[in-house]
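Below is one structure, written out as structure tokens; the observations come after it.
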Amino acid sequence: MSENFWETEVYGTAPLADLERIDMDHVFDWLGTSLPVLGSKVDWSSVRGMHSHSHFVDEVELADEAAREIGRRVAAGAGVDHVGDGLSPYGVRLSSENVGAIVKALLEVPEHHYFLDQDRAWLVVVSSEGDLDILDQLSSDGGS
């Protein structure tokens with residue numbers, strides 16, 4: 001898909017149109033050095049912090065729960081960084097305003113989604129297979 005498609009059809013329409021674009025590489029570099037991996041995925045059994053996992057068959061329920069969990073964690077006026085690992089051409093930063101609608105719109109893109117507190121205190125990962133992983137009280141030592 002062309003860059004123009006993303007700008008006009010996805011990130012150019014509400015509620016995503018006014019989101020700040022961020023460098024995905026910076027976020028993925030942080031993820032890669034801060035979380036243990038097994039193959040190309042986060043090794044959830046080895047992460048430090050408070051981890052919870054849920055699996056959903058229903059995409060609407062998954063999106064609702066992801067939006068609720070992110071909304072609970074984001075402080076007023078704080079930022080949340082989002083990157084996707086497949087189709088999205090860049091990351092975006094969202095604020096506490098309208099977080100539910102923005103999260104649900106981002107989840108319509110079929111890829112794995114990483115939502116991180118700007119201060120990296122928490123992480124919410126939503127997979128296209130229906131998994132919701134939440135990590136609070138992140139430790140930035142790579143799990144060692």
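Atoms CG and CG, on D43 and L35 in that order, are 10.0 Å from each other to the nearest 0.5 Å. Note that CG of L62 is 7.0 Å distant from OG of S127, once rounded to the nearest 0.5 Å. One distance of note links OG of S88 with CG of L106; it measures 7.0 Å at 0.5 Å rounding. Remark: L94 CG to I22 CD1 distance equals 9.0 Å, nearest 0.5 Å. Distance check: L31 CG to L116 CG gives 5.0 Å after rounding to the nearest 0.5 Å. Atom NE2 of residue H82 and atom CZ of residue R93 lie 13.5 Å apart, to the nearest 0.5 angstrom.
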side-chain contact (heavy atoms from CB on, under 4.5 Å) for M50 and L135? Distances and angles first, verdict last. CA-CA 5 Å; M50 297 174 57; L135 186 58; 5.8 Å; no

Step by step, would you call E111 with S128 a side-chain contact (heavy atoms from CB on, under 4.5 Å)? CA-CA 6 Å; E111 61 188 352; S128 53; over 6 Å; no

Go through D133 and D131 one step at a time and tell me if the side-chain contact (heavy atoms from CB on, under 4.5 Å) criterion holds. CA-CA 6 Å; D133 286 282; D131 294 309; 4.1 Å; yes

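Annotation for E97: atom CD does not count as buried by contact number, only 12 or fewer foreign heavy atoms lying within 6.0 Å. E20 CD: more than 12 foreign heavy atoms inside a 6.0 Å radius. The neighbour count for D23 CG, taken as heavy atoms of other residues, nucleotides or ligands under 6.0 Å away, is above 12.
Judged by distance alone, the side chains of E129 and H55 never bring a donor and an acceptor atom under 3.5 Å apart.
Here the side chains of L132 and V125 are not in contact, with every heavy-atom distance at 4.5 Å or above. In this structure, L107 and H113 have side chains that are in contact, with non-hydrogen atoms separated by less than 4.5 Å. Under the 4.5 Å side-chain criterion, counting only non-hydrogen atoms from C-beta, V80 is not in contact with D117.
Across V126 and A66, no two heavy atoms sit closer than the pair CG2-CB, 3.8 Å. V74 approaches W122 most closely through the heavy-atom pair N-CZ2, 4.1 Å. Scanning all heavy atoms of the two residues, the minimum distance from Y90 to M24 falls at C-CG, 3.4 Å. Heavy-atom minimum distance, V83 versus G91: CG1-CA, 4.0 Å. The two residues R21 and V92 make their nearest non-hydrogen contact at CD-CG1, 4.3 Å. Taking both residues in full, the closest heavy atoms of G77 and S96 are given as N-OG, 3.2 Å, listed atom of the first, atom of the second, then distance.
Linking ILVMFWY residues whenever their side-chain heavy atoms come closer than 4.5 Å, directly or via other members, leaves W44 and V37 in distinct clusters.
Taking the six-membered ring for Trp and thresholds of 30 and 60 degrees, F28 and Y114 have ring planes more than 60 degrees apart, a perpendicular arrangement.
Of the candidates L123, V124, I134, F115 forms a side-chain contact (heavy atoms from CB on, under 4.5 Å) with just one, namely V124.
Ion pairing of E108 with K104 is absent here, as no side-chain N (NZ or NE/NH1/NH2) approaches a carboxylate O to less than 4.0 Å.
The backbone N or O of W30 sits less than 3.5 Å from a side-chain atom of S34, completing a donor-acceptor pair.
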